[in-house]
Amino acid sequence: MSLLDRLKAQIAQDGPIGVPEFFTRCLHDPRDGYYAMRPDLGAGGDFITAPLVSQMFGELIGLWVIETWTRMGRPSPFHLVEMGPGDGTLMSDLLRAGKLDAEFLAAAQVWLVEVSAPLRARQAERLGDAPRWVGRLDEVPAGAPMILVANELLDCLPARQFVRTETGWAERVIGLGEDGELAFGLRALSAQGPSTGSAGPPPPGGEESLPLGAVLESSPAQAALASDIAHRLLTDGGAALLIDYGRDVPEAGDTLQAVRGHQKVDPLTTAGLADLTVWADFPSVVAAARETGAKAGPILSQAEFLLALGIEARAQALATARPDRAEQIARQLDRLVGKAQMGALFKVACLTAPDLSPPLFEDAT
Ligand code: SAH
């Protein structure tokens, strides 16, 4: 029975489910989840990410990591953690840049936090057996400082969705339509009872002025990850760099999106067959880290971050070495930093231990 059929049967029996439960089943159902069974990153696959656009992305993050490690006092050993490493390209490019500083490479203990078995296999093909794999951040042993990097991980962590109705805010749920197919519906917030987990009501601030039908998202899972990372930074020191597409100010909008073969598809008919994402909610991530006692912010655009790290000079050097590839490198540069491309939509935030000022995030509070 397909995941879609199993979800329909479950909903027919037990009633509608919230967006986070649907999202998690689609990505991680052990038999049919997208990441459990068929993650396909890359130009010929379902979606492409910044490290796959160009080696420059991982290399510049490598430079940022080396400088952060230097500002930490060059601790040895330290944990170099990547969460959601995809096919391992980012870590591979980062470690190549790390060859600039042999002591850095010798001090780094590489940990990959990955839940997907097929992607672990691809990471091992690319990176050999130097990294260690865990399924959760808390399985990385405590006791050494950490530098963590995660690109496009937050967007894999689900959000609840709230819709403004004439009678107040309701939660968006997934039930069955009259035709027996999955359909979005609404559940009054007051009818939820105490079993709805730790998420509070929709984020405050001006929502009463939003039009009927407006959608607000709130991601307890993203906030919980930020809080877990912050706890670790407080006890053991270090910094975490989170890069994703998402919002840098609180704002309304339905950002649930399913993508397959580089096309947007209907999330309700493609359960487990497509990648499913929501925007990273950087204001909540930063707030959760600060509540835990870490420093966080400011939220930069990917263009600001990569330009400040010198991506234009790196592109120039690559093009000088390979004039035959100059046009391609210029296109890749534009894809990463162009305002109409990834430069503005993608954001970068840094969470840090209170005693540390990583490059470009000296203003963190
Ligand atoms: N960082 C990579 C891949 C992004 S795709 C890149 O930029 O190319 C999302 C990655 O996060 C995949 O490796 C996926 O398996 C992983 N992932 C998804 N949900 C996760 C979770 N809950 N915990 C840890 N990793 C997760």
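In this chain, numbering begins with 1 at the start of the sequence shown. Whatever order the structure lists ligands and atoms in, that order sets their numbers, starting from 1. Treat the numbers as computed from the prediction; the structure is a model and nothing was measured.
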* Asked: Just by distance, do the side chain of H262 and the backbone of G45 share a donor-acceptor pair under 3.5 Å?
  -> yes
* Output field: ring centroids W69/F104 closer than 6.0 Å -> yes
* Side-chain contact, heavy-atom cut-off 4.5 Å: L41 with L119? -> yes
* Side chains of Q123 and E114, donor plus acceptor under 3.5 Å -> yes
* To do: Would you please classify the geometry between the F361 ring and the W64 ring as parallel, tilted or perpendicular, with 30° and 60° separating the classes?
  => perpendicular
Check: every ligand 1 N/O to protein N/O pair under 3.5 Å:
unit_1   : atom_1 : unit_2 : atom_2 : d
ligand 1 : 1 (N)  : G84    : O      : 2.7
ligand 1 : 1 (N)  : N151   : O      : 2.7
ligand 1 : 7 (O)  : T49    : OG1    : 3.4
ligand 1 : 7 (O)  : N151   : ND2    : 2.7
ligand 1 : 8 (O)  : T49    : OG1    : 2.5
ligand 1 : 13 (O) : G86    : N      : 3.0
ligand 1 : 13 (O) : E114   : OE1    : 2.6
ligand 1 : 15 (O) : E114   : OE1    : 3.4
ligand 1 : 15 (O) : E114   : OE2    : 2.5
ligand 1 : 19 (N) : H28    : NE2    : 3.3

* **Centroid separation Y245 to F282 less than 6.0 Å** => no
